[in-house]
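Chain naming here is simple, since letters A, B, ... match the order of the sequence lines and numbering starts at 1 in each.
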Number of protein chains: 2
Amino acid sequence: MSDAGEEAVVRRWRDLLACYSTVSCALDRALQDAHGIGMSEFEALDRLVDATCEQRRMHDLAGDMYLSQSALSRTVARLERAGLVGRTMCDDDRRAIFVTLTEAGRERHAQARRTQRAVLAEHLAPEPEPARAGA
Amino acid sequence: MSDAGEEAVVRRWRDLLACYSTVSCALDRALQDAHGIGMSEFEALDRLVDATCEQRRMHDLAGDMYLSQSALSRTVARLERAGLVGRTMCDDDRRAIFVTLTEAGRERHAQARRTQRAVLAEHLAPEPEPARAGA
DNA sequence: CGAAGTTACATGCACATGCATTGGATGTCC
DNA sequence: GGACATCCAATGCATGTGCATGTAACTTCG
């Protein structure tokens, strides 16, 4: 590979890193300050709201998120402790756990979502396109 | 802001998140497996190599990296423990610490750099993918 | 049925990070 | 010069994460 190509890739990586760091930091802080939840918690709530059934198995949730199984387990535990989700047994497969949004969870998400949109709009303004690439 | 605009921003954020997660995870794993250093350590070495003087104050290093002051302090401590950098007093300002690359550090960086380039090339391929390659 | 293997989730542990604080060195203002 | 604010780096502490493991439930094969 040419040096020029390598340099371009490295530059792209640095842009990606810079962009991610800035946005995730701002987002996490805003969510924490305004709603008492972190980015991971918000993402989990978001996935639950997206799900039409609003009741998903841990395993399926994990597939949508960039968290390890253990991290997700604890994230859901925090959400449950906060009363934002509930865990219910799944009769079809009793190893599995259904995670369900509570009313409080739905409300909190609706509020947090506004914060999230605001932060994203501020930092990912539809200016020139940011770093991006295939995974 | 319009719903369409919001959606575009959110989609951009998800792409960014996906891309960052994939690349940083792969990179960290590759560096750790092949060279026994993590991403932060590599970044620190990289900044030191970039610096023409190859001797930078902690504070300056911190400015270039997306790490808190304390995290950088510990990162440098790990690098020092591994013999890859040295800390020397700065006579001009005795609060400051000069971080200097050791010969071992320079070598390790040279090797790790190849790994980094390979991983970045694989995941951030600069090839003109048709339209978008968003994950 | 029953044993071995697999899957889903929780948990012990190690570790990296951020925040707040500390300790020491500089700078400033009187 | 002396008191006070500021700055640099290190560290105590709380927290979130991943890996390895534990436990229970499901599956497969004999």
Side-chain angles (χ1 to χ4, degrees), chain A residues 17 20-33 36-45 47 55-82 85-100, chain B residues 17 20-22 24-33 36-45 47-48 55-82 85-100:
Chain A
L17 202 53
Y20 171 80
S21 298
T22 306
V23 178
S24 72
C25 185
L27 187 54
D28 202 70
R29 185 174 300 274
L31 288 173
Q32 196 71 54
D33 286 356
I37 61 175
M39 244 178 52
S40 294
E41 277 99 333
F42 176 78
E43 290 286 328
L45 291 180
R47 295 301 185 285
Q55 168 173 302
R56 307 199 58 187
R57 293 165 56 203
M58 295 280 287
H59 191 71
D60 299 334
L61 262 184
D64 291 349
M65 299 178 57
Y66 299 96
L67 274 185
S68 68
Q69 180 265 321
S70 73
L72 176 65
S73 177
R74 293 181 219 260
T75 299
V76 169
R78 286 192 295 275
L79 287 173
E80 186 183 33
R81 226 178 299 132
V85 304
R87 277 150 149 161
T88 63
M89 284 303 173
C90 167
D91 288 333
D92 288 355
D93 182 343
R94 286 173 37 200
R95 291 169 304 184
I97 301 271
F98 274 134
V99 185
T100 65
Chain B
L17 201 53
Y20 171 80
S21 298
T22 306
S24 72
C25 185
L27 187 54
D28 200 70
R29 186 175 300 274
L31 288 172
Q32 196 69 55
D33 287 355
I37 60 176
M39 245 177 53
S40 294
E41 278 98 334
F42 177 78
E43 291 288 328
L45 290 181
R47 296 300 184 285
L48 286 172
Q55 169 174 302
R56 308 198 59 186
R57 293 165 57 203
M58 293 283 287
H59 191 71
D60 298 334
L61 259 185
D64 290 349
M65 299 179 58
Y66 299 96
L67 274 184
S68 68
Q69 179 265 324
S70 72
L72 175 66
S73 177
R74 294 180 217 263
T75 298
V76 170
R78 286 193 295 276
L79 287 172
E80 187 183 34
R81 228 177 298 132
V85 306
R87 278 151 149 157
T88 63
M89 286 301 174
C90 168
D91 289 333
D92 288 355
D93 183 344
R94 287 176 33 202
R95 294 168 299 184
I97 301 271
F98 274 134
V99 184
T100 64

What's the [atom1]-[atom2] distance between [X] and [N], to the nearest Å?
X	N	atom1	atom2	answer
A:Q69	D:dT23	CD	P	16 Å
A:M65	D:dG18	CE	P	10 Å
A:L31	D:dG16	CG	P	14 Å
B:L61	D:dA10	CG	C1'	16 Å

Taking it one step at a time, do B:R57 and B:D93 satisfy side-chain contact (heavy atoms from CB on, under 4.5 Å)?
CA-CA 10 Å; B:R57 293 165 57 203; B:D93 183 344; 4.2 Å; yes
Listed in order of residue number, which residues of residues 72-81 of chain A have a non-hydrogen atom at under 4.0 Å from DNA chain C?
A:S73, A:R74
Supply the atom-to-atom distance [X] [atom1] to [Y] [atom2], rounded to the nearest 0.5 angstrom.
X	Y	atom1	atom2	result
B:M65	B:R47	CE	CZ	6.0 Å
A:I97	A:M89	CD1	CE	4.5 Å
B:Y66	A:C25	OH	SG	11.5 Å
A:Q32	A:R29	CD	CZ	9.5 Å
A:F98	A:L61	CZ	CG	11.5 Å

Going 5' to 3' along DNA chain C, which nucleotides are the first and last within contact of chain B (any atom under 4.0 Å from a heavy atom)?
C:dA16 to C:dT26
Quick one: on DNA chain D, does A:Q32 or A:S70 contact a more 5' nucleotide (nearest heavy atom)?
A:Q32
Smallest separation among heavy atoms of B:S73 and B:R87, with atom names
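Between these two residues, the closest heavy atoms are O-NH2, 3.5 Å.
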Heavy-atom closest pair (B:M39 atom, B:S24 atom, distance to 0.1 Å) is SD-O, 3.6 Å
What one-letter contact string describes nucleotides 3-8 of chain D from 5' to 3', where B marks a base within less than 4.0 Å of any protein heavy atom, S marks contact via sugar-phosphate atoms alone, and - marks no contact?
----BS
Among B:L31, B:L72, B:T75, B:D28, which residue satisfies the side-chain contact (heavy atoms from CB on, under 4.5 Å) criterion with B:S40?
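Passing option: B:T75.
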With a cut-off of less than 4.0 Å, is there a side-chain N or O of B:R87 near OP1 or OP2 of D:dA10?
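Answer is yes, contact under 4.0 Å.
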Quick check on DNA chain C: between B:Y66 and B:C90, whose nearest nucleotide comes earlier from the 5' end?
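Closer to the 5' end of DNA chain C: B:Y66.
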Does the pair A:D64 and A:R56 meet the rule for a side-chain contact (heavy atoms from CB on, under 4.5 Å), with working shown?
CA-CA 11 Å; A:D64 291 349; A:R56 307 199 58 187; 2.7 Å; yes
Tell me, with the steps shown, if A:L79 and A:V99 meet side-chain contact (heavy atoms from CB on, under 4.5 Å).
CA-CA 10 Å; A:L79 287 173; A:V99 185; over 6 Å; no
